[in-house]
Amino acid sequence: MNGNQHLFIPGPTNVPEPVRQAMNLPMEDMRAPDFPEFVSGLLTDLKKAYRMENGRMFIFPSSGTGAWESAIQNTLRPGDKVLMSRFGQFSLLWVDMAERLGLDVEVVDVEWGKGVPVDEYAKRLEADTRHEIKAVFATHNETATGVTSDIAGVRGALDACGHPAMLFVDGVSSIASIEFEMEKWGVDLAVSGSQKGFMLPAGLGLLGVSDKALEANKAVSNAGMARCYFSFEDMIKLNDTGYFPYTPATQLLRGLRCSLDLLLDAGMDSVWARHKRLAEGVRAAVAAWEGCELVARGPEWASDTVSAIYVPENVDARDVISGAYYKYQTSLGTGLNKLAGRAFRIGHLGSLNPVMLCGAISAAEMALVDAGAKIEPGSGVAAAQAQYRDTTPATVTASAKAA
Ligand SMILES: *Cc1c(COP(=O)(O)O)cnc(C)c1O
């Protein structure tokens with residue numbers, strides 16, 4: 001292999017060199033007397049990335065899916081009614097989990113390419129005058145289709161009718177990349193993972209929990225779902241002393257320390273702004289490609305962390321992806337579920353810059369032409385260049401670099 005293998009999937013994302021170095025250390029004692037200080041700093045700073053001052057953060061040695069499970073098991077009872085929507089592979093899997101854990105799920109199916117149906121949620125919440133719905137679920141960023149939903153809108157729907165349901169948000173591919181406001185939006189449980197916006201290997205499930213959800217946890221303590229590994233109670237008891245109820249993934253925690261420093265030094269607002277700029281270059285490229293279009297059904301849905309792209313009718317997206325991989329050493333994201341063969345994805349979250357994305361667009365362009373697309377070679381790269389030349393800040397200070 002010559003040069004780098006290029007990774008443009010929407011997670012795992014590229015790990016910045018300082019983060020990789022921070023994880024390259026000898027094994028350490030997770031019961032050392034100075035470990036609690038390290039843990040407490042991590043939990044405090046994670047809250048800053050989530051934009052919360054109250055409530056608490058949990059770090060599980062799992063992927064994001066584990067944090068999904070923990071959120072449900074610790075705050076709801078079997079048979080509880082919840083409102084969910086399904087519009088891509090991840091929102092679909094979340095519904096599946098909720099059903100398998102015994103919740104009574106009211107599902108709203110939405111056309112793939114759109115997101116959480118805020119108006120429909122508002123209608124159903126308003127009709128639920130007896131407050132049977134205990135929780136409302138929203139997938140903030142549907143990674144399969146490249147669609148971002150309006151979480152503040154969901155909060156507005158709850159508030160408009162004074163509905164007390166908890167708000168669960170899947171923020172796995174949004175938190176630490178695009179605007180996310182745990183407290184301002186009144187989110188009660190927010191799930192993330194280490195391998196997307198946090199720019200780490202997979203292996204940490206992150207969960208932000210509001211004070212209201214912590215109260216719900218106390219209320220279900222005896223009547224709730226069986227839980228052990230993912231129990232809030234066990235985690236709280238040990239976290240309060242600065243330790244974990246089982247062996248923590250210490251190297252990942254050291255990496256998380258470094259990635260939080262990068263994110264918070266840059267400032268979350270500037271991290272979000274960078275993702276928007278990067279995404280706009282990719283969208284400009286897609287617009288320039290004859291016969292290609294975003295899966296997102298309009299600019300209001302288009303995600304700043306991942307673009308899912310329909311290929312022209314005569315092209316199989318699987319050929320584009322395998323061509324990019326074998327010929328151009330570039331990993332693009334696959335079309336998941338019903339998008340298999342019809343779409344590929346470009347992940348544009350984490351540690352990336354415009355020149356890297358011009359490379360991704362160039363590889364996709366060559367692979368598209370190889371697979372039979374009648375696009376003009378170079379058209380996407382040219383459009384992205386124009387976009388990036390117009391919008392990339394000129395001054396590269398140390399903090400702008402990190403952003
Ligand atoms: C990646 C992802 C998940 C699953 O997370 P894992 O870490 O793979 O368990 C869930 N939801 C969304 C939106 C994702 O992007």
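Atoms within each ligand, like the ligands themselves, are counted from 1 in listed order.
The contact shell of ligand 1, taken as protein residues with any non-hydrogen atom closer than 4.0 angstrom, comprises Ser63, Gly64, Thr65, Trp68, Phe90, Asn141, Thr143, Asp170, Val172, Ser173, Gln195, Lys196.
Under the side chain to side chain donor-acceptor pair (under 3.5 Å) criterion, Glu181 pairs with Arg51, sequence neighbours left out.
Under the 4.5 Å side-chain criterion, counting only non-hydrogen atoms from C-beta, Asp45 is not in contact with Tyr50.
Within a 6.0 Å sphere centred on CD of Glu290, heavy atoms belonging to other residues, nucleotides or ligands number 12 at most.
Exactly one residue among Glu69, Gln73, Glu233 makes a side chain to side chain donor-acceptor pair (under 3.5 Å) with Arg227. That residue is Glu233.
The cationic group of Lys196 lies under 6.0 Å from the six-membered ring centre of Phe90 and within 45° of the ring axis, placing it in a cation-pi geometry.
Side-chain polar atoms of Thr305 and His275 form no donor-acceptor pair below 3.5 angstrom.
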